[in-house]
Number of protein chains: 2
Amino acid sequence: MSRATAALEGDSTATRDGNASARVADALREQIIHGEYPPGARLRQEEIAERFGASRVPVREALKSLEAEGLVTLVANAGAWVSRLTLAECEEIYQTRERLEPLLLRYSAPGLGPADYDTLDSLAERMAATEDVAEFLALDREFHMTSYSAASTLMLGDLVNRLWNTTQPYRRAYTLLIDVHSQRIVHDEHHLLVTALREGDLESAERTVESHIRRTRRLLSGHPEIFSDTTTDRR
Amino acid sequence: MSRATAALEGDSTATRDGNASARVADALREQIIHGEYPPGARLRQEEIAERFGASRVPVREALKSLEAEGLVTLVANAGAWVSRLTLAECEEIYQTRERLEPLLLRYSAPGLGPADYDTLDSLAERMAATEDVAEFLALDREFHMTSYSAASTLMLGDLVNRLWNTTQPYRRAYTLLIDVHSQRIVHDEHHLLVTALREGDLESAERTVESHIRRTRRLLSGHPEIFSDTTTDRR
DNA sequence: TCTGTTGAGATTGCATCCAATCTCGCCTAC
DNA sequence: GTAGGCGAGATTGGATGCAATCTCAACAGA
């Protein structure tokens, strides 16, 4: 199946830049986040290696990285699976986010300016207007990441990113279920956040993000059926 | 230097248990935490491989894991160094801990019992009694980890552990400097924490840990000289 | 019909080998 | 005397090959 690698082989120098493992990790991460590998899906080294036109060595290193990020679960001498979460585990991640994202916002807020506030408003409006789930998810993520974009942190920013990544498949399933009323509340909270940032009221902004995440967590708790997935294998 | 691996070669089956990479990662992590590799020290793949009686492949996978944990910094086509922190980065980690450890304690507290409280008291007393820095550090860590030991979390427990690991070298340098007065306050805070846990006052326990970490962070801020290390190489 | 076992195929783990890149001291040219 | 370039040694990155382990379906026995 070396035909599958044709798109990559076009750039013959790309395979020789000394970081194939990073490239594989980035590409795999994107594919998992975008749902091309659902939770519970098995990841075979050889298949992945073939697809990226690399050998299994950099693939294994990429899987190691993704395991540390929580996206992949490795079992010695058995294989790799896309991590699957229970409702309780997802709630743990949301509770962690409730504590961390206000802190990250505290790091970011002083560096945000009027142009950023306008971008945030625009993103919030587009979220309210769209009816496409994929676009809604992408805009929501872009909105929050923009609010954190001015934070130059060692690990906190990456950490929050990882927490979003591991819960992304469930956020997608959940977004399909929320009603117009909840959607309106999300929009209001986003608007409140931008307003607090514009006014320089950091305390209020922090509390708004925290409440925003907590509300989502509680709504998620009401949909345990999202986590009882029996279509794919174990783990 | 193959003589150095003699102790490991004694068990010839150990190299064939299908997780050499995990063994190398665990051992390297311990050595970094215990200060055998100081911040900024270069980690050469071949030297490490030789020392553990393995090839460079599992060593590279181990380094990937440690990089994701924040203990090691990798640069493509250049090498691996033990991560070095600036004062600002260390403060970021402490601020993160201030938010996360109260939450972890909330997960753990319901599972702790009288036997655990006694263990905690004993550890606190031994900390007050010792004058050895290494023992003080070990007891401090064991005290806090015991208070979190009943939490069965997906990632929060591991995450807190990683934050302790990356700051361990600086905690050691700092412990050498604190005076008797500060040491007494640490002891009082530990005692307060155990008391709150015994009384089932979770709110108070959470606030006590938070204050405890914040106080340490502020004291650390007063010793920027710990972070201006010019003895070893860059990065 | 159900349960325990066994063996071939599939898959992972690691060692060895080769290519690419970086480091750094020496040499040449101006 | 100084700046720029060159190249040998050291080090990392990746591909291939082999051994060990796991998977799973077919089969034998109760």
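In what follows, chains are A, B, ... by sequence order, proteins preceding strands, each numbered from 1.
- Between B:R60 and the phosphate of D:dG14, there is a side-chain N or O to OP1/OP2 separation shorter than 4.0 Å.
- Using a 4.0 Å heavy-atom criterion, one finds that B:A80 contacts no nucleic acid atom at all.
- Distances were taken from every side-chain heavy atom of B:R56 (C-beta onward) to each of D:dT12, C:dA15, D:dG17; the shortest belongs to D:dT12.
- Between the side chains of A:R106 and B:Q95, no donor-acceptor pair is found at a separation under 3.5 Å.
- Among the heavy atoms of the strands lying under 4.0 Å from B:L43 are primed sugar atoms or P, OP1, OP2 only; no base atom is included.
- Within 4.0 Å (heavy atoms only), B:R44 reaches sugar-phosphate atoms of the nucleic acid but no base atom.
- With respect to the salt-bridge test (charged N to carboxylate O, under 4.0 angstrom), the residues A:E206 and B:R99 qualify.
- Among the nucleotides D:dT12, D:dG14, C:dC14, the one closest to the side chain of B:Q45 is D:dT12.
- Checking D:dC22, D:dT12, C:dA15 against the side-chain heavy atoms of B:A54 singles out C:dA15 as nearest.
- In this structure, the side chain of B:N19 does not engage the main chain of B:A22 through any donor-acceptor pair within 3.5 Å.
- For B:E61, the listed nucleotide lying nearest its side chain is C:dC14; candidates were D:dG14, C:dC14, D:dG13.
- With distances taken from any side-chain atom of A:S55 to the nucleotides D:dA15, C:dA15, C:dG13, the minimum falls on D:dA15.
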